[in-house]
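For the numbers below, each heavy atom of this structure counts, side chains included, while hydrogens, waters and symmetry mates do not. Nothing here was measured: the structure is a model prediction, and the numbers come from that model. To find a chain, count down the sequence lines: A is the first, B the second, and so on, and within it residues start at 1.
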Amino acid sequence: MFESPTIAEFLAQSNLASTLPATLLVAWTLLLVLVDLFAGDEREHWTPLMACLGLGASFIANLFVYAPATDQQTALYGMFIADAFTGFLNIVILVATLLAILMSWDYLKRAGIHRGEYYILTLLSSAGAMFMVAANDLIVVFVALELLSIPLYILAAFRSIKNDGSELALKSEESGMKYFILGAFSSAFLVFGAALVYGATGTTNIPQILEIVSAVVGATSSATFYMVVGTALLIVGLGFKVAVVPFHMWTPDVYEGAPTPVTALMSVTAKVGGFAALLRVLVTALSALALAEGEAAAWQTTVSIIAVLTLVLGNFVAISQRNLKRMLAYSSIAHAGYIMVALAAAGTAGAADSAIQGALVYILAYMFTNLGAFAVVMTIERVDGGGGNIDDITGLARSRPLLAMAMTIFMLSLTGIPLTAGFVGKFMVFAAAVQAGLFGLAIIGVLTSVVSAFYYMRVVVNMYLRDSNGELVPALETIYVRWAINIALAGTLIFGIFYPLASNLVSMVSIA
Amino acid sequence: MDVTGLSLTTITLFLPMLGLAILMFMNGETQRENLKWVAFATSLVTFVASVLMWVNFDPSTAELQMVQRNTWAEVSLGDSVINISYFVGVDGISMLLVLLTTFIMPIAILGSFGSHIFAERGREKLYYIFLMLLEWAMIGVFVVHDLIIFYVFWEVTLVPMYFLIGIWGSEERIYAAVKFFLYTMAGSILMLIAILYVGNTAGTFSTYSAGGDVGVIEMVHTHEGAGTYWDAAEADAEDDAGFLFTSVESFLFLGFLVAFAIKVPIFPFHSWLPDAHVQAPTAGSVILAGVLLKMGTYGIVRFNLNLFPEATVAWAPTIAFLGVVGIIYGAWVSYAQSNVKKLVAYSSVSHLGFVVLGIFALNAQGLQGATLQMVNHGISTGGLFLIVGMLYERWHTKEMADYGGIWKVMPVFGGISLVISLSSMGLPGLNGFIGEFTILLGSLGSDFLGFAFTLFGTLGVILAAVYLLKMFQHVFMGELKKPLKDEDGYKLRWHEIAAYIPILIMIFWMGIQPIVFFNMLDISVDSIAALFVR
């Protein structure tokens, strides 16, 4: 029944040019495998350098492909979509990966686990995230998710390649294993959800689902049932990836055990990929999934409940954490909650655009701030794994004033104090929630950010208001880490002070 | 009217940032002696700029003056576009409070010259940077007329104050700083939701109209048809008991009010204040009492009254009642204190109760008195905190029982302290009297409050005399209990005298010639009071 297409047709349908940022990164990574193989030990710095160049090349390609921001085109026979949403999140992913690589070199050397594969896996994972934000088909969502996740499983366990039986190596191994098992488990949910949606609609293509869904829901009760259950399973599967309550259990252990730069990377790219897919699937494909005429989308209540649980649990449990990485892990759960607030708001038809824009700005702000915070934590960590507790940063303002200032700004941004990027993100998310009429959700959101102020401020208290008992905090930072912190700091402040910048960047985004 | 050109308001607002930038580039170690001079000079220049604003200020109109409005961002919410604009300008109320801010700031900086806190904790550079940041944010709060930018300035004041208390405060500083931060943030963040709702409904965040764009206040006041601007359904707002607890306007009113009530603080939201005041360094206390608390009462006048007139009327007796409770309770608790700094702190609760009472009298006298009382309280309580700070620098104790007989060894200082105490208790001829008297006059003539409010308010004036005289007696009269080892300590230093002279001038000037300040306020206040004429 299939006629083989002509070359011209094939090229037109493939539209490979618009996939360039992602495909270029994959190709570059494959090349990097060879480079790393032949470069040899004395030229081991080639691999990270080339990795950074690859990110740069992809970044430039991204600027060209997405230059007309309103332009929207599909590629690879409609499975891949290149629009402003993709372009924006590509930039977020690329910058996050760059910062993570800048953080890694020194860390890996210190820990004695420097291997070229590390960078290759990092790039592959980011390429997966880039495919995920462009996924226009449930199959692609799944494949990209695996491309994103599998390298991360290995990276999480990367410390155990130096098999010295130390607690750190064990924890890292446990982290990778845990992440892998739960990741595989959640993928199963995702695939089953996709299958049910396919069963009800007969397609896995996101725009086609949108066209069919309202007809399907009214038609037969069994089709409605499949749609609702399928949607729920999709939310569960992606919920694991973005670590929202009650699918968050793996997060603290995995974040704590993984090497710190890997934690930083996965706290951003995995969430970006997961949320991009959630937004595309729920807002684009299933926005018409309303159980009664004129109602908000059926998943809105579910997402709202998840958001509330995530905000409350993430913020309250973070209070009791003494280990900074665990604290940041719970805080990242809480931040997923804020993005879920935006997602819930997107369920109301009139508010969808502003909610998505809010979510994107929030993700951008979170990326800079969170990576910055992890970079600071990394510099004060010791090789034996000590030094990562909240008491260990006592008096940092005296020993390392600039580092302490940067950390303070990151903490203020995570709290959402004005003049930092975090505020702009929160402002846009809550504006969308208010517009969608979700006042209860907005109020819970702002109140939990007061709770979050408590534990973020405790970091500042320890750095500035307490004096260490004579012992200065040993901070190991090389030029690369310093650059990572500087870039994160600049991003946090620039997007915070020049508010229009962020909102202009996303003003063209519309996927509803 | 050219609204996009650079206005004097902008210049005044950003002068502290200039000082901050200079401080940033100075070396905290080698140029340590110069830091305070840069901060002091900046605050003086800012003061001069604000006086220039006053010279240019035309008191015969209620319109905003020296306006600048530039579109800052356009938020697209669905099919509507909401403007966020950089929108500054002053009316009489703003003008007076800007002058108060720029007046208090050099005094607070003089008050920290040669303070023991730098010997103990160091980091002078950071200290002055935070003071400059604080001044910028405080002026911003008083001149900005865009709700989002207002919120930005409002929240930014938290950060420097948090550090001022936390780094340079006394023993319990960390507890006090964290409590201050969390308490005030919890209040203000609910205001953010209310602000977003207002912007979403009105389609703009500008409160006043400028350059052809209609602001929210005008929309509210020109609303025609059934109900109010906020609730079309609640037709009979004034007599409906359900209005208080079900209407949107009432919720919005409360959203703003909680933020302001915590800052003021209105009883029962005051528990952060004694901690923050007692632990803060002298300059911190002076600014906290002098300006930061006024942001709350200013917010009520500017936003609650203007944006939600019907809810204001509905809630007026309740809030005024809390104000009166605050007057009595603050005075009562103040009397019971043995810690002199705590005594002054609780006196703030009492004095700001008067301001709240005056505001919710909802007539011209009440509002004028309240605004003037904000300034009076800033000057006299700021002065009292300076006195406490000077005593602490010399005797290193805050317990009244340790003092006594200071007038004998420091006669000039005793005299100054007496005048400031008398001003704070409202002696006729000094500034405190004018404010409190006008407030009581307003509450007596109010259409919304009963006679009992005035009665109990007046009681507060008497109680103020009781606790302040108690303080004065314990500290300054009687026998000298703890002579200083070094007799030189009895001498007033030049920067201490320099800090008191402007305070004394203002105390007498405002007491003897209040008409100057009333004139500034008259028209602006009338335009608000006109909303509440029955």
Side-chain angles (χ1 to χ4, degrees), chain A residues 348-355 357-358 397-398 401 405 408-409 412 415-420 423-424 426-428 430-437 439 442-443 445-451 453-454 457-458 460-462 464-467 496-504 506-508 510, chain B residues 28 71-82 84 86 121-123 125-126 133 137 148-159 162-163 165-169 173-175 177-178 181-201 248 251 255:
Chain A
T348 303
D353 276 349
S354 54
Q357 291 169 9
R398 269 197 203 285
M405 190 198 73
T408 304
I409 288 168
L412 290 176
T415 316
I417 298 292
L419 300 187
T420 59
F423 170 70
V424 178
K426 279 205 175 128
F427 161 72
M428 291 194 68
F430 291 136
V434 167
Q435 200 197 9
F439 299 111
I443 288 173
V446 293
L447 288 181
T448 48
S449 44
V450 179
V451 175
F454 181 74
M457 281 301 114
R458 195 164 55 193
V460 180
V461 165
N462 274 1
Y464 277 89
L465 313 190
R466 292 211 169 90
D467 276 325
I497 293 171
F498 302 102
Y499 168 74
L501 208 58
S503 74
N504 287 346
V506 296
S507 62
M508 293 299 167
S510 165
Chain B
T71 300
W72 174 236
E74 287 177 340
V75 191
S76 53
L77 286 177
D79 30 82
S80 60
V81 173
I82 303 186
I84 298 177
Y86 171 77
R121 312 252 161 72
R123 300 193 224 176
K125 178 177 163 183
L126 202 59
L133 187 64
I148 292 296
I149 311 283
F150 168 80
Y151 181 81
V152 168
F153 280 115
W154 176 271
E155 282 287 78
V156 165
T157 56
L158 275 185
V159 179
Y162 166 81
F163 281 107
I165 298 174
I167 301 182
W168 295 279
R173 60 184 182 277
I174 294 177
Y175 171 74
V178 173
F181 193 94
L182 292 182
Y183 219 114
T184 36
M185 185 182 168
S188 53
I189 205 143
L190 285 174
M191 178 167 72
L192 179 63
I193 300 290
I195 286 176
L196 291 172
Y197 186 92
V198 169
N200 194 30
T201 311
V248 172
F251 281 118

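Results of the side-chain contact (heavy atoms from CB on, under 4.5 Å) test with V434(A) over I195(B), L196(B), L192(B) single out L196(B) as the only residue that passes.
With a 4.5 angstrom heavy-atom cutoff, A355(A) does not touch chain B via any of its atoms. For T408(A), the part sitting under 4.5 Å from any heavy atom of chain B is the side chain, from C-beta outward, and nothing else. Y197(B) touches chain A through backbone and side chain together, each having a heavy atom under 4.5 Å away. In this structure, the portions of V152(B) lying under 4.5 Å from any heavy atom of chain A include both its backbone and its side chain. In this structure, chain B has a heavy atom under 4.5 Å from the side chain of L412(A), while its backbone stays farther away.
A442(A) approaches I193(B) most closely through the heavy-atom pair CB-CD1, 3.4 Å. Scanning both residues, V450(A) and A186(B), for their nearest heavy atoms gives CG2-CA, 3.6 Å. Closest approach of I189(B) and S449(A) over heavy atoms only: CD1-OG, 3.5 Å.
If you take CG on L419(A) and CG on L133(B), they are separated by 8.0 Å, rounding to the nearest 0.5 Å.
Two residues are said to be in side-chain contact when any heavy atoms from C-beta on lie closer than 4.5 Å; M457(A) and L182(B) fail this criterion. Contact annotation: the side chain of Y499(A) never approaches that of I149(B) to less than 4.5 Å [non-hydrogen atoms, C-beta and beyond]. In this structure, the side chains of I417(A) and Y162(B) stay at 4.5 Å or more apart for every pair of heavy atoms.
At most 12 heavy atoms of other shown residues, nucleotides or ligands fall within 6.0 angstrom of atom OH in Y175(B).
In terms of heavy-atom pairs under 4.5 Å with chain B, the best-connected choice from F498(A), F430(A), F427(A) is F427(A).
Close placement of the F423(A) and Y151(B) rings is indicated, their centers lying within 6.0 Å of each other.
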